[in-house]
Amino acid sequence: MRTVSLAALGLLLAIQPVLAQAPRRLGVHVHGVTAVDIGLEGSTLQVTLDAPAINMLGFEHPPHNDTESKQIEAVLASLHVPAPWLEPATAARCVLADSRIQASGLSASAPSVGHADIDARYSFRCAEPGRLDHIDIHLADRYPATHGLAVDIVLPQKQERQELGQGEFRVMLAP
Ligand SMILES: [Zn+2]
């Protein structure tokens with residue numbers, strides 16, 4: 001038994017640094033479900049969205065016309081300002097430091113691949129990271145085709161997955 005638990009401990013120690021970087025899930029694409037990764041390291045909070053484009057746009061193909069082009073542009077531009085729907089606990093005093101938005105399968109110059117994704121990556125600096133006990137994500141209010149969130153959390157004190165369904169928006173981070 002002792003050998004087994006030591007081996008398990010060794011494995012844990014080996015895995016730990018990798019998990020701390022909040023690994024992205026690969027190949028997850030379920031219409032209506034947006035994958036969210038939340039990671040906190042020191043005073044840096046990272047929130048990453050991986051959304052099937054249909055959740056935000058209502059379609060998943062390169063633009064067929066001017067209206068669709070403008071719609072894609074508008075959605076990608078508005079994602080740079082997450083304040084209306086992404087709210088870390090006020091007490092943690094987090095300020096947005098960086099946002100990166102990426103789309104795949106929506107370029108007019110590339111052939112349609114049948115599906116499309118929109119990724120958003122946000123970095124916050126938090127003055128009181130120890131008080132970050134929740135994050136509210138009102139993504140469904142803004143993009144009603146979002147029916148659920150699959151949230152992976154990597155914190156210094158815990159790692160877990162939370163599934164948020166219709167009407168749910170609070171991700172609990174406190175132990
Ligand atoms: Zn799709």
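For ligands, and for the atoms within them, numbers begin at 1 and follow the listed sequence.
- Within the coordination shell of the Zn ion (ligand 1), defined by N, O or S atoms under 2.8 Å, Asp117 is absent.
- In this structure, Glu68 does not pair ionically with Lys70, as no charged nitrogen and carboxylate oxygen lie closer than 4.0 Å.
- Rounded to 10 degrees, the ND1-metal-NE2 angle spanning His115 and His31 at the Zn ion (ligand 1) equals 120°.
- Contacts classified as disulfide (SG to SG under 2.5 Å) and involving residues 130-172 (residues at least two apart or in different chains) are not found.
- With rounding to the nearest 0.5 angstrom, the OG1 atom of Thr146 is 9.5 Å from the CD atom of Gln166.
- The cluster map of Ile, Leu, Val, Met, Phe, Trp and Tyr, joined by side-chain heavy atoms under 4.5 Å apart, puts Val75 and Val33 in different clusters.
- Sorting the N, O or S atoms of Glu60 by how far they are from the Zn ion (ligand 1) puts OE1 first.
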